[in-house]
Amino acid sequence: MTNQAPNEARVIPLRPRTARPARPAAGTASPAPARPAPPREPAAKEPLWRDLVGDVLRRERLAQERTLKDVADAARISMPYLSEVERGRKEASSEVLAAAAHALGLGLGDLLTLAQRELVRVTSRHSTTGRRPAGSSYDGLCLAA
């Protein structure tokens, strides 16, 4: 049993409390203030796979001048769900991606290849050398189950 009232929530801190620095004794010199750390350059944020796949689906649909409803009906998925996938808001299953790709006249491999090319294009803009790391001899797509 706890000693809490039945309608009160217990708060569990996510971070441990930090110890406060000890105060210098009276009559002693206070330590010099710490220097602020130099500002770090923000790391380039890598794109999410769902954003890349959604961009490819939308680009292909618009290139074919097809409506969202038309492609969703052909893929047998709901129009709002396809819209969410295109906007990168949903992690679509491989079955949904395959259905959307086939509705656009693509195979699942074609869709993934286009998304991989987009990933290479986007990430190469952020790299300083624009080349693969030393020792990397493979530039294809590798997916693990």
Side-chain angles (χ1 to χ4, degrees), residues 1-24 30-145:
M1 268 321 259
T2 65
N3 57 359
Q4 290 180 326
N7 290 331
E8 287 184 26
R10 191 174 92 187
V11 177
I12 301 172
L14 297 177
R15 294 186 191 140
R17 292 183 181 172
T18 58
R20 292 185 179 198
R23 296 180 124 187
S30 62
R35 283 189 193 167
R40 285 196 277 169
E41 194 173 304
K45 189 174 180 184
E46 289 199 58
L48 296 175
W49 184 249
R50 67 177 183 240
D51 290 329
L52 296 168
V53 171
D55 289 344
V56 169
L57 286 172
R58 177 167 285 176
R59 190 171 33 241
E60 287 296 316
R61 179 177 61 79
L62 294 175
Q64 295 177 18
E65 298 179 353
R66 294 177 65 186
T67 65
L68 197 60
K69 181 174 179 12
D70 175 41
V71 175
D73 288 346
R76 298 177 51 99
I77 56 180
S78 75
M79 189 174 68
Y81 188 75
L82 180 58
S83 174
E84 294 280 300
V85 170
E86 282 189 355
R87 289 184 286 150
R89 303 243 173 121
K90 295 289 182 187
E91 287 276 0
S93 68
S94 58
E95 291 88 358
V96 168
L97 292 177
H102 286 99
L104 291 167
L106 301 170
L108 181 59
D110 299 325
L111 175 65
L112 298 179
T113 299
L114 291 170
Q116 187 262 346
R117 286 181 187 153
E118 182 69 10
L119 176 63
V120 169
R121 184 185 68 77
V122 169
T123 55
S124 67
R125 282 193 318 218
H126 299 297
S127 75
T128 55
T129 62
R131 296 196 291 167
R132 291 189 312 270
S136 176
S137 61
Y138 183 71
D139 64 353
L141 176 67
C142 179
L143 296 176

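All figures in this text were calculated on a predicted structure; none of them were measured in a lab.
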Test of understanding: with side-chain contact (heavy atoms from CB on, under 4.5 Å), list the residues that count as partners of Leu108, not counting sequence neighbours. Leu97, Ala98, Leu111, Leu112
Output the distance between atom CG (Leu52) and atom CG (Leu119), rounded to the nearest 0.5 Å. 5.5 Å
Could you work out, with side-chain hydrogen bond (donor to acceptor under 3.5 Å, both in side chains) as the rule, every residue matching Ser78, not counting sequence neighbours? none
Please name all residues satisfying salt bridge (Lys or Arg N to Asp or Glu O under 4.0 Å) with Arg117, sequence neighbours left out, ordered by chain then number. none
Going by an N to O cut-off under 4.0 Å, is there a salt bridge joining Arg66 and Glu60? no
Identify the two heavy atoms, one from Leu68 and one from Arg61, that lie closest to each other, and give their separation to 0.1 Å. N-NH1, 3.5 Å
Report yes if some heavy atom in the side chain of Asp51 is under 4.5 Å from a heavy atom in the side chain of Leu48; otherwise report no. yes
Asp55 and Glu86, any side-chain heavy atoms less than 4.5 Å apart: no
Tell me, which pairs form a salt bridge (Lys or Arg N to Asp or Glu O under 4.0 Å) where one or both residues lie in residues 88-115, sequence neighbours left out? Arg50-Glu91
Looking at every non-hydrogen atom in both residues, tell me the closest pair between Ala115 and Val53 and how far apart they are. CB-CG2, 3.9 Å
To the nearest 0.5 Å, how far apart are CZ in Arg76 and CG in Leu82? 15.0 Å
Testing the basics here: between Gly107 and Ala101, what is the closest heavy-atom pair and its distance to 0.1 Å? O-CB, 3.8 Å
Going by side-chain hydrogen bond (donor to acceptor under 3.5 Å, both in side chains), name the residues that satisfy it together with Glu118, two or more places apart in sequence or in a different chain. Arg121
Test of understanding: with side-chain contact (heavy atoms from CB on, under 4.5 Å), list the residues that count as partners of Ser94, not counting sequence neighbours. none
List in chain and number order the residues that pass side-chain hydrogen bond (donor to acceptor under 3.5 Å, both in side chains) with Arg59, two or more places apart in sequence or in another chain; answer none if no residue qualifies. none
Without swapping roles, check the side chain of Ser83 against the backbone of Met79 for a donor-acceptor pair under 3.5 Å. no
Val71 to Ala100 - nearest heavy-atom pair and separation: CG1-O, 4.5 Å
